[in-house]
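Structure, as structure tokens:
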Amino acid sequence: MPSYRVEQTNFQAGELDPNFHSRSDLKAYQEGAKQIRNFYLMLTGGVMRRPGTTYLANLGAASRIEPFLFSNDERHVVAFQAGGAKIYGIDGTLQQTLTGAPWGADDLFELNITQAADVMIVVHRDYEITQITRTGATSFTRAAYAFDGDSSETHKMPFFKYADSSVTLTPSGTSGSITLTASADTWETAHNGTIIEYTDTAGTVRQMQLGARVSATVINATVLYSATLPNTTAVKTWREQMFSVVRGWPGAATFHDNRLWFGGSGQRPGGLVGSQSGAFYNFELDDGDDDEGIDVTIAGSSVSEILHLVSTRRLEILTDTGEFYISDSDVRTITPGNVSVRRQTTFGASRTPPVFFDGETVFVQRSGQNLRSYSYDFVRDNYASDLLSVQASHLVRSPKQAASTFGSDTRPEQYLLFVNNDGTLTHMHSIREQQVKGFALWSTRSGDTFESACGVAEDMFVVGKRSLNSSTVYTLELLADDDSVTLDSSLEGTRSQYGTPLVDGASQTGTTLNIDGLTSTPVAGDQFTIAGVAGTYTIDRLTYSSGDGALVLTTALASSPADNAVITFTTGHLYSGFSHLANETVHVVSGNLYLGTETVSGSGTITIDYTGLSTIRAGFSYTPTLETMPVVFRSERGSFNGSVRRITRCLVDITGAYDIKVAGNQLAVRQVNDDMSLALQAQSGHYEFPVMGYSREPTITLTQTDPLPLRVLGMGIEVRAY
């Protein structure tokens, strides 16, 4: 019965799809795991207990959050909600509430959003284009996006002839209020207010505004700008505004190459238009000069709906049938004369907005079960849509949103979060130049879900849907940078002063002290100071009644305090600041000390049966779990895959750890001869754990009992074959 030692030096391949469990020939098998849940994949290859979250605000309704990044000093979170949006600072302060938006709760994750400087454009194929404008450091407005042009200047919107090319218009007059008669059924009631562009027989372009519909072929109209038509001859050369209630609105938008681009409208799904260069509200085509507007249609064997426009080194176009781009170069910008749309791959995207990450555009494939990276391949001299999630397709659960974040001062990793429809988060770590990528799955308290996520520079925010105090609450939460925060929806609470305690009466001496101004009851062991009196005093016992307390102290007063002298509690048992967790059972930590579970009072306070703490943090715990792939090794007898094996012991390399359980065995962080008055010390190094039992697929499972920091760098496993 020979023994073998197997080393796992890293976990950078992440959790592997169950269908890879026999692929011990792959490098990913040696660097992956059967299960990685609520762990964070580190740049160096190890794993860390995933960061917890800090509670920032009650959003009040179901929300999708997106970043509004004006500058490094002015960063905001936009919470889109049914009928509007709320703007928050990154500290959770509500800065603006916007109302009157056309979208509903079911539309939130189908909105496409783009931002440049102080303007955010929001589009949806069923609703009028919306613009959110930053008007000050903490002030914003919402309005319908307006193309250039008004009652005194021609409208600079894009136009398109949706009717058959043979359909003619015949005006009843040459100026003012007239009727327009189409040669085939054309008009709908909703055409009222639509602008049309009419080119008369002399080649002069006029604009008219449609009025009330008379019939399917006749509609009232007004010739704009006091213009006069040369005659009332029927012409085929007319177009209506491209985006309208009748024809639908663009479903995709982006700023690229100093132009604003719209695409994917209801009745022109493959149409793409770009504004004039540097004029984001002017889409006039005019003579087709280099700086004028652009209008192009994606051509192919089938109709393609433009779902997303992505600005990278080129303008990338993701449709439901394939992936395209507009060809340009560093020395040649896109112009009406050279615009060319080229198909690259044919996988098709879902409506989940893509995200630019690690030098490539990551999108969810049409099926909702695969993640692909769309990027230019210089070797193949074209774009490729490589499959990212082949090793962890089971963790791609119809994502509805993706969010990315940069590295920070305390965290070098950049990473992606995918918000799955089942309320979990799929965490993706990638180092493209080293061909490293891995996935893990994150969840929160049982019964609660993650509903949205967004990265604002180095900060990552999430929306939690939580059951709090018997109500469903949507919370804005900030994901920590590392494992220093180990609870979700958590806050730090400060020591309560039990009200505004004051000395009650002068000339008090000895070990008794009368105080008043209490709103709750101190307990034995609490310590306090008295203004004007030297020393710190500890309560031995007390009586309390209606805000007054008679204290018996462990030591005598150094001097008689003045009447109404301020009393300041320096240690205590009551902590406040948890109103959002009222009546909930929570986990409590202080620094690196786990204090167990407590129930928050209806007023948001927690009583701790422990002295000497300045602050505590309370929130909801989650369980990190890492299970290795079945341990496989080879010898002169061949592979032992599938044979009966026994893991006899496991050496785990940990750093900065305060709690870990391996194969059911708890690491003893405290020893019987430790000074319990000293802070708990982090454990680092190799620790041995015994393992029992036989299996044809032996694995090691690593988890935690207490919500405390934990980092695992690797492990060595000793296996005996039979």
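Count residues from 1 along the sequence.
In this structure, W261 and S311 have side chains that are not in contact, with every pair of non-hydrogen atoms separated by 4.5 Å or more. Side-chain contact between F418 and V396 is absent, with no heavy-atom pair separated by less than 4.5 Å. Contact of the V214 side chain with the I219 side chain is not registered, since no non-hydrogen atoms from C-beta on lie closer than 4.5 Å. By the 4.5 Å heavy-atom criterion applied to side chains, T319 and L307 are not counted as neighbours. Counting only heavy atoms from C-beta outward, the side chains of L210 and N192 never approach each other to under 4.5 Å. Side-chain atoms of K400 and R64, non-hydrogen and from C-beta on, never get closer than 4.5 Å to each other. With contacts defined as side-chain heavy-atom distances shorter than 4.5 Å, the pair R125/W249 does not qualify. A 4.5 Å side-chain heavy-atom check between L425 and N420 finds every atom pair outside the cut-off.
Residues passing the side-chain contact (heavy atoms from CB on, under 4.5 Å) test with Y281, sequence neighbours excluded: V119, Q131, Y145, D148. Residues satisfying the side-chain contact (heavy atoms from CB on, under 4.5 Å) test with T174, not counting sequence neighbours, are T228, L229, T232. Under the side chain to side chain donor-acceptor pair (under 3.5 Å) criterion, T181 pairs with no residue, sequence neighbours left out. Take S304 and apply the side chain to side chain donor-acceptor pair (under 3.5 Å) test, not counting sequence neighbours, and it matches T321. Taking E284 as the reference, T154, K156, Q276, N282, D286 meet the side-chain contact (heavy atoms from CB on, under 4.5 Å) condition, with sequence neighbours excluded. Not counting sequence neighbours, the partners of S172 by the side chain to side chain donor-acceptor pair (under 3.5 Å) test are T179. The side chain to side chain donor-acceptor pair (under 3.5 Å) test applied to T93 returns D91, not counting sequence neighbours. Considering only residues two or more places apart in sequence or on other chains, V246 meets the side-chain contact (heavy atoms from CB on, under 4.5 Å) condition with E188, A190, H191, S244.
Of the charged side-chain nitrogens involved, none lies within less than 4.0 Å of a carboxylate oxygen, so that K437 and D358 do not count as a salt-bridged pair. Salt-bridge formation is not detected for the pair E323/R372: no Lys NZ or Arg NE/NH1/NH2 atom is positioned less than 4.0 Å from an Asp or Glu carboxylate oxygen.
Here CE of M208 is found 5.5 Å from CD1 of I196. Values are rounded to the nearest 0.5 Å. Atom CZ in F283 sits 13.0 Å away from atom CD in Q241 (nearest 0.5 Å). To the nearest 0.5 Å, atoms CG (L318) and CD (E305) are separated by 12.5 Å. Within the model, atoms CD1 of I317 and OH of Y374 stand 8.0 Å from one another, a figure rounded to the nearest 0.5 Å. Here the CD1 atom belonging to I132 is positioned 10.5 Å from the CD atom belonging to E66, to the nearest 0.5 angstrom.
Minimum heavy-atom separation, F439 to T426: CD2-CG2, 3.7 Å. Counting all heavy atoms, side chain and backbone alike, S177 lies closest to T222 at OG-OG1, 4.1 Å. Here the shortest heavy-atom pairing between P336 and G293 reads CG-O, 3.4 Å. Pairing each heavy atom of L98 with each of F140, the nearest pair is CD2-O, 3.6 Å. The two residues D287 and E292 come nearest to each other via the heavy atoms N-OE1, 3.0 Å. The minimum heavy-atom distance between N370 and S389, with the atom names listed, is CA-OG, 3.6 Å.
Within a 6.0 Å radius of CZ in F406, other residues, nucleotides and ligands contribute 12 heavy atoms or fewer. Within 6.0 Å of CG on N231 lie more than 12 heavy atoms contributed by other residues, nucleotides or ligands.
For the pair N338 (side chain) and T333 (backbone), a donor-acceptor distance under 3.5 Å is present. When atom types are taken as modelled, the side chain of N220 and the backbone of A212 share a donor-acceptor pair closer than 3.5 angstrom. In this structure a side-chain-to-backbone donor-acceptor pair under 3.5 Å is present from T405 to E458. Between the side chain of R213 and the backbone N or O of W187 there is at least one donor-acceptor pair closer than 3.5 Å. Side chain of H155 to backbone of M157: no donor-acceptor contact under 3.5 angstrom is found. Judged by distance alone, with hydrogens and angles left aside, the side-chain atoms of Q115 form a donor-acceptor pair with the main-chain N or O of A117 at under 3.5 Å. Judged by distance alone, the side chain of D150 and the main-chain N or O of E153 form a donor-acceptor pair under 3.5 Å. The backbone N or O of G368 lies less than 3.5 Å from no partner atom in the side chain of S350, so there is not a single donor-acceptor pair. A distance-only check finds no donor-acceptor pair linking the side chain of R142 to the backbone of T130 [under 3.5 Å]. Not a single donor-acceptor pair under 3.5 Å links the side chain of D290 to the backbone N or O of T335.
Annotation: Y415 is in aromatic contact with H427 [ring centroid separation under 6.0 Å].
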>> Test side-chain contact (heavy atoms from CB on, under 4.5 Å) on L56 and F461; report intermediate values, then the result.
In response: CA-CA 10 Å; L56 296 179; F461 298 84; 3.7 Å; yes
> Do T254 and V310 pass the side-chain contact (heavy atoms from CB on, under 4.5 Å) test, and can you show the C-alpha distance, the side-chain angles, and the key distance before you say yes or no?
Replying inline: CA-CA 6 Å; T254 194; V310 184; over 6 Å; no
> Would V364 and L371 count as a side-chain contact (heavy atoms from CB on, under 4.5 Å) if you check the C-alpha gap in whole Å, the side-chain angles of each, and the deciding distance to 0.1 Å?
Replying inline: CA-CA 5 Å; V364 181; L371 302 177; 3.8 Å; yes
> Given the rule in the side-chain contact (heavy atoms from CB on, under 4.5 Å) test, do E451 and Q401 qualify, once you have shown the distances and angles that lead to the verdict?
Replying inline: CA-CA 9 Å; E451 293 296 305; Q401 189 182 20; over 6 Å; no
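For residues 156-186, the set of pairs meeting the ring-ring contact (aromatic ring centres under 6.0 Å, His included) definition, not counting sequence neighbours, comprises F160-Y162. The ring-ring contact (aromatic ring centres under 6.0 Å, His included) contacts involving residues 83-103 comprise F80-W103, where partners must be two or more places apart or lie in separate chains. Sorted by first and then second residue, the ring-ring contact (aromatic ring centres under 6.0 Å, His included) pairs involving residues 290-327 (not counting sequence neighbours) are Y325-Y383. Applying the salt bridge (Lys or Arg N to Asp or Glu O under 4.0 Å) rule to pairs touching residues 239-259 yields E197-R239, E240-R247, sequence neighbours excluded.
Using modelled atom types and a 3.5 Å distance limit, the side chains of E413 and H429 yield no donor-acceptor pair. A side-chain donor-acceptor contact under 3.5 Å links E477 and T475. S398 and Q369 are linked by a side-chain donor-acceptor pair at a separation below 3.5 angstrom, with hydrogens and angles left out of the test. Under 3.5 Å, the side chains of S71 and D73 contain no donor-acceptor pair of N or O atoms.
The one candidate from L59, I65, V462 that meets the side-chain contact (heavy atoms from CB on, under 4.5 Å) condition with S452 is I65.
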